[in-house]
Amino acid sequence: QVQLVESGGGSVQAGGSLRLSCVVSGRTFSTLSMGWFRQAPGKEREFVAHITRNAGVTVYADSVKGRFTISRDNAKNTVTLQMNLLKSEDTAVYYCAASNALSNLNQRYVYAYWGQGTQVTVSS
């Protein structure tokens, strides 16, 4: 069974940085496309970023482009989201997700596996 465990959330002031990590077990990590999503209170879960199996392609939501960076280390079964220049509107629970798909990776429905989420709070 595929398991995803996130870490690295916390509280930070606007303009600060946080680094989220997600460790995957139960599957050969290099066969999975990986994504990050977030959900703010009272809002739908939304796409943040994704990275393909070999890290050849990364895609970001417009709201985080230029501030967030997704990366992966297939040797360590880990995907990371580096978040810089954080804003109060980035406050949310952040979820790591894994998919067998090669396309539509900005869509929640293609992700079969999800982590438990980690809280990120940005104060202004």
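Hydrogens, waters and symmetry mates play no part in the numbers below; they use all other heavy atoms, side chains included. Fair warning: this is a prediction, and the values are worked out from it, not measured in the lab.
Ala92 and Ala40 make their closest contact through CB-N, 3.8 Å (heavy atoms, listed as atom of the first residue, atom of the second, distance). Nearest heavy atoms, Ser124 versus Ser88: CB-CB, 4.4 Å. Nearest heavy-atom pair across Val5 and Gln116 is CA-OE1, 3.9 Å.
The disulfide bond (SG atoms under 2.5 Å apart) contacts involving residues 32-90 comprise nothing, where partners must be two or more places apart or lie in separate chains. Listed by first then second residue, pairs satisfying salt bridge (Lys or Arg N to Asp or Glu O under 4.0 Å) with a partner in residues 10-34 number zero, not counting sequence neighbours. Sorted by first and then second residue, the salt bridge (Lys or Arg N to Asp or Glu O under 4.0 Å) pairs involving residues 89-98 (not counting sequence neighbours) are Arg38-Asp90, Arg67-Asp90.
Thr52 is linked by a side-chain contact (heavy atoms from CB on, under 4.5 Å) to Asn54, Val57, Leu105, counting only residues two or more places apart in sequence or in another chain. In terms of the side-chain hydrogen bond (donor to acceptor under 3.5 Å, both in side chains) criterion, residue partners of Glu44 (sequence neighbours excluded) are, by chain and number, Arg108. For Thr28, the side-chain contact (heavy atoms from CB on, under 4.5 Å) test picks out Ser30, Thr31, with sequence neighbours left out. With sequence neighbours left out, the side-chain hydrogen bond (donor to acceptor under 3.5 Å, both in side chains) criterion links Asn77 to no other residue. Every residue meeting the side-chain contact (heavy atoms from CB on, under 4.5 Å) condition with Gln39, not counting sequence neighbours, appears here in chain and number order: Arg45, Tyr95. Taking Asp73 as the reference, nothing meets the side-chain hydrogen bond (donor to acceptor under 3.5 Å, both in side chains) condition, with sequence neighbours excluded. With sequence neighbours excluded, the residues satisfying side-chain contact (heavy atoms from CB on, under 4.5 Å) with Asn84 are Ser17, Gln82. For Lys43, the side-chain hydrogen bond (donor to acceptor under 3.5 Å, both in side chains) criterion is met by no residue, not counting sequence neighbours.
Atom CD in Glu6 sits 5.0 Å away from atom SG in Cys22 (nearest 0.5 Å). Note that the CG atom of Asn104 and the CZ atom of Phe47 stand 11.0 Å from one another [nearest 0.5 Å]. Once rounded to the nearest 0.5 Å, the distance linking OG of Ser99 with NE2 of His50 reads 10.0 Å.
Side-chain contacts under 4.5 Å among hydrophobic residues (ILVMFWY), followed directly or transitively, place Val79 together with Val2, Leu4, Val12, Leu18, Leu20, Val24, Phe29, Leu32, Met34, Trp36, Val48, Ile51, Tyr60, Val64, Phe68, Ile70, Leu81, Met83, Leu86, Tyr94, Tyr113, Val120, Val122.
Using a distance-only test at 3.5 Å, with no hydrogens or angles considered, no donor-acceptor pair links the side chain of Asn100 to the main chain of Tyr111.
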